[in-house]
Engineer: 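Quick one: the structure is below, questions incoming.
Scope of the values below: all heavy atoms of this structure, side chains included, with no hydrogens, waters or symmetry mates. As the structure lists them, so they are numbered: ligands from 1, and atoms in each ligand from 1.
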Amino acid sequence: MSFHGTQRGYSFEFFPPKTDASRQRLAKTVQKLAPLRPSFVSVTFGAGGSTREGSFQTASEILRTTSLDVTPHLSCIGSTREQLTEQLDTYRAIGVKRVVALRGDVPEAEAQLPRAFAYANELVEFIRDYGGFEISVAAYPEFHPEAQSPEADVANFVRKARAGATEAITQYFYSNDTYYRFLDWVQRLGIEIPIVPGIMPLTDFKQVERFSKFCGAEIPAWIRKRMHALEGDARGQEELGIELASRQAEELLRSGVPGLHFYTLNRAEPTLRVCHSLGLSDAAAHAPTQPSAN
Ligand code: FAD
C-alpha cells in the first residue's frame, strides 16, 4: 500500500543524546533504521541549556554520517529571533530542507528563557518569510492540554496551517478514531495539508503513562488493563506494545494516511519490528508495500 497522494512515507524521530554512551547507542539506532529509507528523520529541540546545542549537533552528525534527510525541530522558546535566523542559516548551509516548527514547553526551573514568539503560528510565518524550508507543525487529535476548548485548539491549528505549514505531525494517540475525527474536522475547515499520524509503540508503559498525563494523550482503558495484567513483566509489556502499534499502524495505512511518523525514543527494535510487520522490508523500503493480513 502506498501512501495516498503524497511521497511522504515514513519518518523517525530522535532526541539529542546527552552522554557518550547514549550518542553511540543513537548512532547504532540510526544505522539500523537507515536501510528502511525513511522520507526523513527528525531531531527534537530542547529549549533548556545543553539540549539546545544537542539538537544541532545530532542533526549535523546524522547528515554527516548517513544519506538521510534530517529535519530538526525548532521552538519559539529558548531562542531569540536573531538566534532563530542563525539556526536557519546554519541548517540551510548544511543541507536541511525541512524543519518542525513548535512553540515548545518551558523546562522546569528555566522560566527566564528567551521566547522569540508566543505561539507556533508566528514561528511558521517567520520561517515561511525566511524561505527555502518545508515546514511541519504539531497537531493534537485529542487537543492540546492548555487549549481553552477543542474548538479554540482546532482554530489555532487552522491558523498555524494557514501561516505556511506544509504538513502536520500528530501527537501520539492510541485510538485511531480520535485521529479520523480530527482530520474530518480540520478538512471541513478547508485544511488540505497532509496530517501524518505519530506512532509511539508502548514499549515502556510506565514512562508513556506518566508522559501521557502531561501531554493529554489518552491511553484507552482496555490497553491499560492489558498492560497492568503484565505488570512486572517488562518484556511481555514491550511485546504487547509492539503488537498494538503494528495493528494500529496497519489500520491507519488501510484508511489512507499520508505517512507515518515514529517516536523512536532512540531505540531501533520497536520501530523496525512495526515497520517489518507492515511489509516494509529493508529492500522494499522506499516503496511501502501492502500491510500483512495477519
Ligand atoms: P502551539 O501550536 O503554539 O499551541 C500551543 C497552545 O496554545 C495550544 O493550546 C493552542 O491551542 C494555543 N494557541 C496556539 N496559537 C494560539 C494563539 N494564537 N492564541 C491563543 N492560543 C493559541 N516540544 C519540544 O520542546 N521540543 C520538541 O522537539 C518537540 N517536538 C514535538 C513534535 C511533535 C510532532 C509534537 C506533536 C509535539 C512536540 N513537542 C516538542 C511538544 C510541543 O512543543 C508542546 O506540545 C507545546 O506545548 C506546544 O507546541 P505547539 O507547537 O503545538 O504549540
Engineer: If you have a sec, work out which protein heavy atom is nearest atom 18 (N) of ligand 1 and how many Å separate them, to one decimal?
Structural biologist: R159 NH1, 2.9 Å
Engineer: Which atoms from ligand 1 have a heavy atom of F45 less than 4.0 Å away?
Structural biologist: 24 (C), 25 (O), 26 (N), 27 (C), 28 (O)
Engineer: Which is closest to atom 40 (C) of ligand 1 by heavy-atom distance: D105, L102, V100, I77?
Structural biologist: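 Comparing heavy atoms across D105, L102, V100, I77, the nearest one to atom 40 (C) of ligand 1 lies in L102.
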Engineer: Could you list which atoms of ligand 1 come closer than 4.0 Å to a heavy atom of Q171?
Structural biologist: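 Heavy-atom distances to Q171 below 4.0 Å select 36 (C).
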Engineer: Got D184 and Y180 here, is their nearest side-chain heavy-atom distance under 4.5 Å?
Structural biologist: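 Of all side-chain heavy-atom pairs linking Y180 with D184, none is under 4.5 Å.
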Engineer: Salt bridge or not between R103 and E146? Use side-chain N to carboxylate O under 4.0 Å.
Structural biologist: yes
Engineer: Please say whether R103 places an N or O atom under 3.5 Å from an N or O atom belonging to ligand 1.
Structural biologist: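 N/O-N/O distance under 3.5 Å: yes.
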Engineer: Quick one: nearest non-hydrogen protein atom to atom 22 (C) of ligand 1, plus distance?
Structural biologist: N156 ND2, 3.1 Å
Engineer: Looking at atom 34 (C) of ligand 1, what's its closest protein heavy atom, distance included?
Structural biologist: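 Answer for atom 34 (C) of ligand 1: Y263 OH, 3.2 Å.
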Engineer: For atom 23 (N) of ligand 1, what is the nearest protein heavy atom, given as residue, atom name and distance?
Structural biologist: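 So the nearest neighbour among protein heavy atoms is G104 CA, 4.2 Å.
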Engineer: Is the closest side-chain heavy-atom distance between E167 and I169 below 4.5 Å?
Structural biologist: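 In short, these two side chains touch, coming nearer than 4.5 Å.
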Engineer: Can a salt bridge be assigned to the pair E231 and K206 using a cut-off of 4.0 Å between side-chain N and carboxylate O?
Structural biologist: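 Judged by the 4.0 Å cut-off on N to carboxylate O distance, E231 and K206 do form a salt bridge.
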Engineer: Would R273 and E269 pass as an ion pair if we require N to O under 4.0 Å?
Structural biologist: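 Salt bridge: no.
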Engineer: Please answer whether the main-chain N or O of F117 pairs with a side-chain N or O of E122 as donor and acceptor at a distance below 3.5 Å.
Structural biologist: no
Engineer: Which one holds for H73 and ligand 1: side chain close, backbone close, both close, or neither close, with close meaning a heavy atom under 4.0 Å?
Structural biologist: side chain
Engineer: Side-chain contact, heavy-atom cut-off 4.5 Å: T44 with F14?
Structural biologist: no
Engineer: Answer side chain, backbone, both or neither: which part of Y140 comes under 4.0 Å from ligand 1, heavy atoms only.
Structural biologist: side chain
Engineer: Show which atoms of ligand 1 fall inside a sub-4.0 Å distance from at least one heavy-atom site of N121.
Structural biologist: 15 (N), 18 (N)
Engineer: Is it true that, when you exclude Q148 itself, more than 12 heavy atoms of the residues, nucleotides or ligands shown sit nearer than 6.0 Å to its CD?
Structural biologist: no
Engineer: What class does the angle between the rings of F211 and F214 fall in, given that below 30° is parallel, 30 to 60° is tilted and above 60° is perpendicular?
Structural biologist: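 Ring orientation, 0 to 90° scale: tilted.
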Engineer: Look at atom 48 (C) of ligand 1 and find which of E122, H144, H261 reaches it with the closest heavy atom.
Structural biologist: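 The residue whose heavy atom sits nearest atom 48 (C) of ligand 1 is H144.
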Engineer: Less than 4.5 Å apart, side chain to side chain, heavy atoms only: is that true for T166 and F133?
Structural biologist: no
Engineer: To check your reading of the model: name the closest protein heavy atom to atom 35 (C) of ligand 1, its residue, and the distance in Å.
Structural biologist: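 Nearest protein contact, heavy atoms only, for atom 35 (C) of ligand 1 is A138 CB, 3.7 Å.
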Engineer: Tell me the contacting part of Q148 for ligand 1: side chain, backbone, both, or neither, using a 4.0 Å heavy-atom threshold, strictly below.
Structural biologist: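 No part of Q148 comes within reach of ligand 1.
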Engineer: At what distance is the nearest protein heavy atom to atom 3 (O) of ligand 1, and which residue and atom is it?
Structural biologist: A120 N, 2.9 Å
Engineer: Taking distance alone, with N or O pairs closer than 3.5 Å, would you say A101 contacts ligand 1?
Structural biologist: no
Engineer: Using 4.0 Å as the upper bound for N to carboxylate O, is an ion pair formed by R23 and E61?
Structural biologist: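 No, no charged N to carboxylate O under 4.0 Å.
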Engineer: Going by the order shown, which atoms of ligand 1 are within less than 4.0 Å of some heavy atom of K160?
Structural biologist: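 This gives 2 (O), 52 (O) as the contact atoms.
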Engineer: Taking only Lys NZ, Arg NE, NH1 and NH2, and the carboxylate oxygens of Asp or Glu, determine whether R224 and E209 approach each other closer than 4.0 Å.
Structural biologist: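 Looking at R224 and E209, the cut-off is not met.
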Engineer: Give the numbers and elements of all ligand 1 atoms closer than 4.0 Å to a heavy atom of D153.
Structural biologist: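 Counting atoms of ligand 1 from 1, those under 4.0 Å from D153 are 8 (C), 9 (O), 10 (C), 11 (O).
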Engineer: Which residue holds the protein heavy atom closest to atom 4 (O) of ligand 1, what is that atom called, and what is the gap in Å?
Structural biologist: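 For atom 4 (O) of ligand 1, the nearest protein heavy atom is Y119 CD2, 4.6 Å.
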